[in-house]
Amino acid sequence: MASINSVFLLLGAVIVAGFLLRKSGAVGENDYKIYFKLITTLVIPCLILSNFRSVELTPEYLSIFAVSCLFGLMLSALVYVLLPGKTRAQKGMAALNFAGINVGFIGIPLAEALLGPQATPIMVAIHGGNAVTLYAFCVIHAQLYTEQGADWKAAGRRLVTSPVLLALAAALLMAATGVHLPDFCYTFTDTIAKINTPLSMLALGMTLDFDLGADERRLVFQMLPLRYLAGGLAAFLLCALGLYPPLTRYTLVLFFLLPGAINCIAYCAEYDFHPKAAALFNSVSNVVTFALVWVVFGLILPPL
C-alpha cells in the first residue's frame, strides 16, 4: 500500500499547489476554465487514443465498458432522491457530479499502483464506458437545469463535435478494424497524455474554495454518503456474485470507489451550477476514496 500513499500524496500536493497559485494571485479566479478547456479538447482525446491503442474488443471488454457506463447512469438516477426542494443550480450541480467518475486522472494510475500494470487494460475499458456518461450524458442532462431553458439542438451539435467522443469513436473503430495511426501520432498523444493528471489536479486546486453557502455545503455532504453507499453496494454485489475473474473484479471494485470526475467542475462553471460546491465535492471525495481504498484493499479483500 506504500505505492498508494505515494500516488495520493503526490496528487494532494499538486492540488495544494493549484490552490496556493490562485490564493497568491499568480493566476486569476477564472483561469481554471482555460485549463479545463485544454484538458477536454486536447489532453483527454490524446489519453483515449493512447490508452486504446492495444485494445481488443472481446466480449469481456465490451461488458466492462457497459458496466462502467451503466454505473454512471445509475448514479445520475440515484441522486434525484436528494433534489426535491433544491434550486435549479443545486440540482444541476448534484446531477452532473454524480454522472462522471475520475477514471482517467486517478483511476488508471491508481490501478497500476495497486494491482499492477496488468490492470491497466481493464481500467481503460472502464474509462471508455465512463467517458460516455461523463462527456455525453452530462451535456444532455445539463439542459434540464439551464437558466435559459433546454437547447437540444445546441446540445446535439456539441455532442457530434466533442473531441473526447470523436476520439473515443475513432479509438473503438480502430480497435474493431485493426487499423491504427502511424507511430508518430502515438508518440504525440503519449507525450500530451502525460500532463493529464498534474494539469487536472492543478485545475482542481485553483477551483477549490471553502466560502460556500450553507445550502450548498449541506447538499455536498448529503451527496457524499449516497455516492459511496451506491459504490459500496455495487462492489459487494460484484464480489458476492463472483462476476469476472479476480483481477477484473478488483479493478471494478476500485472503479466503484473512485472520486467524482474533475471535468464536472468545468461543466458546472459553464452552466453556472455552483462550481465551488462541485470542487468541494470532488476534493472531499478524493479523501474518502483514499480512506476506502486503504480499508477495502488493505483489510477486507484478500490479496490477488
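Computed over heavy atoms, backbone and side chain alike; hydrogens, waters and symmetry mates excluded.
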Can a donor-acceptor pair be found between the side chains of S63 and Y244 at a distance below 3.5 Å?
yes
Do the non-hydrogen side-chain atoms of I44 and N263 ever get within less than 4.5 Å of each other?
yes
Heavy-atom check, side chain of C264 versus side chain of L134, under 4.5 Å
yes
Taking the six-membered ring for Trp, are the ring centroids of Y145 and H274 within less than 6.0 Å of each other?
no
Check whether any side-chain heavy atom of C239 sits under 4.5 Å from a side-chain heavy atom of L301, and report yes or no.
yes
Non-hydrogen side-chain atoms of I106 and M201 separated by less than 4.5 Å:
yes
Within a strict 4.5 Å, meaning less than it, do heavy atoms of the V220 and M93 side chains meet?
yes
Can you give each donor-acceptor pair under 3.5 Å made by side-chain atoms of residues 124-131, sequence neighbours left out, with the distance rounded to 0.1 Å?
residue : atom : partner : partner atom : Å
N130    : OD1  : I101    : N            : 3.1
N130    : ND2  : I101    : O            : 2.8

Hey, could you give me the CD1/CG distance between I192 and L49, rounded to the nearest 0.5 Å?
12.0 Å
To the nearest 0.5 Å, how far apart are CG in L96 and CZ in F137?
9.0 Å
Could you tell me how the ring of F71 sits relative to the ring of F256: parallel (under 30°), tilted (30 to 60°) or perpendicular (over 60°)?
tilted
Report the relative orientation of the aromatic rings in F273 and Y271; use parallel for angles under 30°, tilted for 30 to 60°, perpendicular for over 60°.
parallel
